[in-house]
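Notes for the one structure printed next.
This structure is a prediction, so every number in the text was calculated from the model and none was measured.
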Amino acid sequence: MWLRPETGRAENGVAVQDEAGRGLSAQCADDALPGWRCEKWPGNPVIPDIPDGYTAHFRDPMVFGRPGDSFSASPDAAYRMCLGAQRANESGAIALFSSPNLRDWRFDGELQFAGPDAEELADFGFMWECPNIVTLKDEVSGRERTVALWCPQGLKRDGERFQNTFQCGYVVGDLDGNVLRNCTTFRELDGGTEFYAPQCFAGPDGSMLLIGWAGNAGEDDLPSLASAGWLHSLTLPRKLTLHGDVVRQSPAPAPECFGAQFEIAADGLPKDGELLPLGGQRAWRLQFIAQYNEQAMIRIEAGSHSFDMRFEGGRITLDRSQTLYQGAGEQTSAIRTATFAPDWRSGEAVAVDCILDRSVLEIYLNEGETVLTSRVFLGEDAPKVFCTADGRPMPNDMTCTLPQ
């Protein structure tokens, strides 16, 4: 996809590999590292005209169907594709196309939703960006289900829901032609302060992976711009699995990214709860168990700046009011609260997995049923990490991992 300046609209094309399949796209410092050599298809754009009834906001293609898929639109439609779209009345939609050969595409209409929770999606923002349609096996029932993920723009804040500038989430159902039947309610993928525009793709082992943008539209005033001349980042790769109606996300970086794990026993912590092995580290992974009846907190502190994660009663509160960046606008405020276990009961515990990569913090809760991504800027001072529960050092043993 590219934007044509003279028309102001997005155009969708195809890139092809050379006959050998790969080659050197450019001379690298290490000539043994090959790149992929692709060329634009001479017949581009493969979708030359936007269908009637839509604006120029017609973009973000994803090919999700393959020959033999059970939800093919017709016998001759070996491939399917979804695109984000805006209708002429400035409402959002997902457009569907089909093709026998990846070059000749036919417009099949919009993705429709059917089920008790489908009514919410009838008037759901002014533009739907970055759609992904994937198939996941439900680990509970053993059935294959369809998961539609997209980014609806223009949703109003609703309590803990829809707190970012623009949102990203999914519904689960059963795709039948153009209709997603038995669809669930829309559930956000990430409850943090910066997450948008994820892309799904198959991993080497056939698992479904996702990478998101650790940023928000309009947030172009991050401290990294003045200090180092760059903006925004990407999340770690995440493996997606389906458990009932809930998509779980688990961090899936290459094993060589992490070094050896080591344990920090509760009786080995100083009185103030500082995790001494993480002192001065700007990248680490911390895993521990949070108890319902505790007021647990992790604080990352660097000089006069700090960032807090507080856990209590099935809720997490992220507080970056003491950092160099608090967010842009009302919907990316400095303090964010999310309920990750609404039915949590006294005596129960939840696994917490925090990964910090300099300015990107990813938190995975309840085996990845709830994930929060935030940008954390603390300046150049050497950071320290503190863990406390009810004002005392965290009573649970913790596992720490430093990158290679």
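Side-chain contact between Thr241 and Leu136 is absent, with no heavy-atom pair separated by less than 4.5 Å. By the 4.5 Å heavy-atom criterion applied to side chains, Val147 and Val247 are counted as neighbours. Using a 4.5 Å heavy-atom cutoff, the side chains of Val352 and Leu365 are in contact. Taking 4.5 Å as the limit, every side-chain heavy atom of Leu372 sits out of range of all side-chain heavy atoms of Phe340. Residues Cys82 and Phe64 meet the side-chain proximity criterion, which asks for heavy atoms closer than 4.5 Å. Contact check for Lys156 versus Asp158: no side-chain heavy atoms found under the 4.5 Å cut-off. For the pair Ile211/Gln199, no side-chain contact is recorded, criterion being any heavy-atom separation below 4.5 Å from C-beta on. With contacts defined as side-chain heavy-atom distances shorter than 4.5 Å, the pair Val134/Tyr170 does not qualify.
In this structure, Asn89 contributes its side chain and Ser91 its backbone to a donor-acceptor pair below 3.5 Å. Between the side chain of Ser224 and the main chain of Trp230, a donor-acceptor pair closer than 3.5 Å is present. Proximity of a side-chain donor or acceptor of Asn216 to a complementary backbone N or O of Thr193 within less than 3.5 Å is detected. Panel note: side chain Asp138, backbone Gly244; a donor-acceptor pair is recorded below 3.5 Å. Of the possible donor and acceptor atoms, one in the side chain of Asp60 sits under 3.5 Å from a partner among the backbone N and O of Cys130. Of the possible polar contacts, one joining the Arg87 side chain to the Gly92 backbone as a donor-acceptor pair under 3.5 Å is found. Remark: the backbone N or O of Phe126 is paired with a side-chain donor or acceptor of Gln86 at under 3.5 angstrom. Checking side-chain atoms of Asp108 against main-chain N and O of Asn178 turns up no donor-acceptor pair under 3.5 Å.
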Handout entry: Derivation of the salt bridge (charged side-chain N to carboxylate O under 4.0 Å, His left out) call for Arg59 and Glu129
Key = CA-CA 7 Å; Arg59 54 180 177 267; Glu129 290 193 313; 2.6 Å; yes
Practice task
Dump the intermediate steps for side chain to side chain contact (heavy atoms under 4.5 Å, CB included) on Arg80 and Leu96, then the final yes or no.
Solution key: CA-CA 7 Å; Arg80 301 201 75 186; Leu96 297 176; 3.7 Å; yes
Exercise for the section: Test salt bridge (charged side-chain N to carboxylate O under 4.0 Å, His left out) on Arg143 and Asp174 and set out the steps. Expected result: CA-CA 10 Å; Arg143 295 176 53 212; Asp174 304 293; 2.8 Å; yes
Practice task
Go through the steps for Glu160 and Thr339 under the test side chain to side chain donor-acceptor pair (under 3.5 Å), then give the verdict.
Solution key: CA-CA 8 Å; Glu160 292 181 1; Thr339 298; 3.0 Å; yes
Practice task
Check the pair Leu83, Trp128 against side chain to side chain contact (heavy atoms under 4.5 Å, CB included), reporting the backbone distance first and the verdict last.
Solution key: CA-CA 9 Å; Leu83 291 96; Trp128 290 5; over 6 Å; no
Handout entry: Chi angles and distances behind the side chain to side chain contact (heavy atoms under 4.5 Å, CB included) call for Glu110, Tyr54
Key = CA-CA 11 Å; Glu110 294 180 6; Tyr54 298 92; 2.7 Å; yes
Problem - Chi angles and distances behind the salt bridge (charged side-chain N to carboxylate O under 4.0 Å, His left out) call for Arg106, Asp104 - result: CA-CA 7 Å; Arg106 180 187 67 201; Asp104 303 304; over 6 Å; no
Exercise for the section: Quick one: do Ile316 and Arg336 satisfy side chain to side chain contact (heavy atoms under 4.5 Å, CB included)? Show the steps, please. Expected result: CA-CA 8 Å; Ile316 179 173; Arg336 174 69 51 82; over 6 Å; no
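Expressed to the nearest 0.5 Å, how far CZ of Arg145 lies from NZ of Lys137 amounts to 14.0 Å. Summarising the geometry, atom SG belonging to Cys400 is positioned 10.5 Å from atom CG belonging to Leu276; distances are rounded to the nearest 0.5 Å. Ile133 contributes atom CD1, which lies 8.0 Å from atom OG1 of Thr146 (distance to the nearest 0.5 angstrom).
Counting non-hydrogen atoms of other residues, nucleotides and ligands closer than 6.0 Å to CD of Glu90 gives a total of 12 or fewer. No more than 12 heavy atoms of other residues, nucleotides or ligands lie within 6.0 Å of CG in Asp123, so this atom counts as exposed by the packing criterion. The environment of CD in Glu120 is crowded: more than 12 heavy-atom neighbours from other residues, nucleotides or ligands sit within 6.0 Å. For CG of Asp205, the number of neighbouring non-hydrogen atoms (other residues, nucleotides, ligands) closer than 6.0 Å is greater than 12. With a 6.0 Å radius and a threshold of 12 heavy atoms from other residues, nucleotides or ligands, Glu369 has its CD atom above the threshold.
Ring pair Trp213/Phe166: centre-to-centre distance not below 6.0 Å.
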Name each donor-acceptor pair under 3.5 Å that joins a side chain in residues 298-313 to protein atoms two or more places apart or in another chain, with its distance.
unit_1	atom_1	unit_2	atom_2	d
Arg299	NE	Asp308	OD1	2.6
Arg299	NH2	Asp308	OD2	2.8
Glu312	OE2	Gln295	NE2	3.0

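Smallest separation of non-hydrogen atoms from Cys200 and Leu149: SG-CD1, 4.1 Å. Closest of all the heavy-atom pairs between Ala118 and Cys183 is CB-SG, 3.8 Å. The shortest non-hydrogen separation linking Ile289 to Ala351 is CD1-CA, 3.8 Å. Shortest non-hydrogen contact noted between Asn132 and Pro198 is ND2-O, 3.1 Å. Among all heavy-atom pairs drawn from Lys239 and Ala252, the shortest one is N-CB, 3.8 Å. Between Gly379 and Leu324, the closest heavy-atom pair is N-CD1, 3.3 Å.
Of the options Arg320, Arg375, Glu219, a side-chain hydrogen bond (donor to acceptor under 3.5 Å, both in side chains) to Tyr325 is made by Glu219 and by none of the others. Between Leu180 and the options Val172, Leu121, Val171, Ile94, a side chain to side chain contact (heavy atoms under 4.5 Å, CB included) holds for only Val171. Of the options Thr401, Asp357, Thr399, a side chain to side chain contact (heavy atoms under 4.5 Å, CB included) to Arg285 is made by Thr401 and by none of the others.
Between the side chains of Glu144 and Thr135, no donor-acceptor pair is found at a separation under 3.5 Å. Under 3.5 Å, the side chains of Arg238 and Thr373 contain a donor-acceptor pair of N or O atoms. Judged by distance alone, the side chains of Thr235 and Glu362 never bring a donor and an acceptor atom under 3.5 Å apart.
Using cut-offs of 30° and 60° for the angle between ring planes, the Phe58 and Phe97 rings count as perpendicular. In this pair, Phe124 and Phe162 present their aromatic rings perpendicular. The plane angle is above 60°, beyond the 30 to 60° band.
The ring-ring contact (aromatic ring centres under 6.0 Å, His included) search around Phe201 returns none, not counting sequence neighbours.
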